[in-house]
Structures are given as structure tokens and as C-alpha cells.
Amino acid sequence: HSMLVGETTKGLMGEYICASALLELGWKVSMAQQDSVDLIAWNENEYLRIQVKSATLRLERSYVTRLYHFNNGSGKKKHIKGIESYDILVHVGIDHRRCVFNATEQIQTLSKRYRKEYFENNDVEYFSFEKALQIVRQRRS
């Protein structure tokens, strides 16, 4: 189903989907909407700066299946920001209303593609978040 929403609305939808996923994972969440931080998530003794990237499924010529295509860059020159900017970058598949969490260190390329099946896994939010959180905690220790 193609949606008739602009990029700003799509981005906002992604942020709310991500906030909902984080709440479900037991974290408190606040919308931040600063330059490279969209959400702040926290629990008793730690906080996470979260950047959200949203995409809808699209058909790519070179593939038979529909894909999610995320742009990980930010700013006019489109570069990947580092751990000084945010802790976790989240890819939100709008059509599936599902998130894949990545620690900043896991983002190595300006764009990332996923087959739609990747977002059909019910456990992808939990396991990707646990892995990302582990990396952030190792970085901070």
C-alpha cells in the first residue's frame, strides 16, 4: 500500500513507531527533535540518544522484491555521524511498523537496504536492541 504522506510526516511516523517499540522494551522515552537526536530513551541509571531513519517499501529495478532503503547520512553533505552525535540509529520500516536498532558503531555505510522479510520477524526489535545496547554499554565501560 503506497501512502500519500510527505517525508516530514513519514519521519514523524517513524519516531512514534520507534518510541512505541522502546516503551514496549521497558524504557521511558521523550521526543527530542534536535539536530541528530530524535528521541531520548532512559531507565533508572542510563540514557540513550536515538536517531530515527524511516522508510517505506519501494520496488528497486535490480531486485524482484520490494525493499526498504534507508539513508544513514545527515546534513547537507550526507555523512555518517559518530558516537559524539548519537548512541543508536534506528531503521523504521513504516509499512511493517517495526524497528531495527543499530549501535552507532554498526553503521558503516551511507545507505542500508533490507528485504521486506527482514521486518517480518517478530523478534527483530528485541534482538537488535539487545545487541545495540550491549555495544553502547561496552563503549561506555
Heavy atoms, side chains only, cut-off 4.5 Å: are Lys81 and Gln51 in contact? no
Rounded to the nearest 0.5 Å, how far apart are OH of Tyr86 and CD of Glu84? 9.0 Å
Distance under 6.0 Å and angle within 45° of the ring axis: does Arg140 meet both against Tyr47? yes
Identify the two heavy atoms, one from Ala41 and one from Leu22, that lie closest to each other, and give their separation to 0.1 Å. CB-CD1, 4.2 Å
Got a sec: does the CD of Glu24 have more than 12 other heavy atoms crowding it under 6.0 Å? no
Sequence neighbours excluded, the answer for side chain to side chain donor-acceptor pair (under 3.5 Å) partners of Glu7 is Lys10
Please say whether more than 12 non-hydrogen atoms of neighbouring residues, nucleotides or ligands are located less than 6.0 Å from CZ in Arg97. no
Is there a donor-acceptor pair closer than 3.5 Å between any side-chain N or O of Ser30 and the backbone N or O of Ile40? no
Arg98 side chain vs Phe119 backbone, donor-acceptor pair below 3.5 Å: yes
Write down the atom of Leu23, the atom of Lys28, and the distance for their closest heavy-atom approach. CD2-CA, 4.4 Å
Do Leu48 and Tyr126 land in one hydrophobic cluster if side-chain heavy atoms of ILVMFWY residues count as linked below 4.5 Å? yes
Please check if the side chain of Gln34 supplies one atom and the backbone of Ala32 the other of a donor-acceptor pair under 3.5 Å. yes
Please report the interatomic distance NZ(Lys116) to CG(Asp95), rounded to the nearest 0.5 Å. 10.5 Å
A side-chain contact here means heavy atoms from C-beta on lying under 4.5 Å apart; do Asn102 and Lys112 qualify? no
Which value, rounded to the nearest 0.5 Å, describes the distance between Met31 atom CE and Glu15 atom CD? 4.5 Å
Beyond-backbone contact of Phe101 with Val136, side-chain heavy atoms, under 4.5 angstrom: no
Could you tell me which non-hydrogen atom of Ala103 sits nearest to which non-hydrogen atom of Ala132, and how far apart they are? N-CB, 3.4 Å
Expected output: side-chain Lys53 to main-chain Gly73 donor-acceptor under 3.5 Å: yes
Should Ile50 and Trp27 count as side-chain neighbours, where that means a heavy-atom distance under 4.5 Å? no
Nearest heavy-atom pair of Asn72 and Ser111: which atoms, and what distance? ND2-C, 4.0 Å
Where do His91 and Tyr68 land on the ring-ring contact (aromatic ring centres under 6.0 Å, His included) test, with the steps shown first? CA-CA 9 Å; His91 291 139; Tyr68 283 110; 9.9 Å; no
Using a 4.5 Å cut-off on heavy atoms from C-beta on, say whether the side chain of Tyr118 contacts that of Arg113. no
Would a 4.5 Å heavy-atom cut-off, applied to side chains only, mark Leu89 and Gln106 as touching? no
If the condition is side chain to side chain contact (heavy atoms under 4.5 Å, CB included), which residues does Asn121 pass it with, not counting sequence neighbours? Asp123, Val124
Atom pair OG1 (Thr56) and CZ (Arg66), whose distance is rounded to the nearest 0.5 Å: 9.0 Å
Member of Val52, Val90, Ile88 meeting the side-chain contact (heavy atoms from CB on, under 4.5 Å) criterion with Leu39: Val52
Side chain Arg49, main chain Ile83, donor-acceptor under 3.5 Å: yes
Gln108 to Glu105 - nearest heavy-atom pair and separation: NE2-O, 2.6 Å
Are any of the side-chain heavy atoms of Cys99 and Phe129 separated by less than 4.5 Å? no
Hey, could you give me the CG/CG distance between Leu12 and Asp38, rounded to the nearest 0.5 Å? 9.5 Å
Atom OH of residue position Tyr16 - does it have more than 12 heavy atoms of other residues, nucleotides or ligands inside 6.0 Å? no
May I ask whether Tyr114 and Ile80 are part of the same hydrophobic cluster, defined by side-chain heavy atoms of I, L, V, M, F, W, Y residues being less than 4.5 angstrom apart, directly or through others? no
Could you check if a side-chain atom of Leu25 sits within less than 4.5 angstrom of a side-chain atom of Glu130, using non-hydrogen atoms only? no
Any chance you could measure Leu57, atom CG, to Ile94, atom CD1, to the nearest 0.5 Å? 10.5 Å
May I ask whether Val37 and Phe70 are part of the same hydrophobic cluster, defined by side-chain heavy atoms of I, L, V, M, F, W, Y residues being less than 4.5 angstrom apart, directly or through others? no
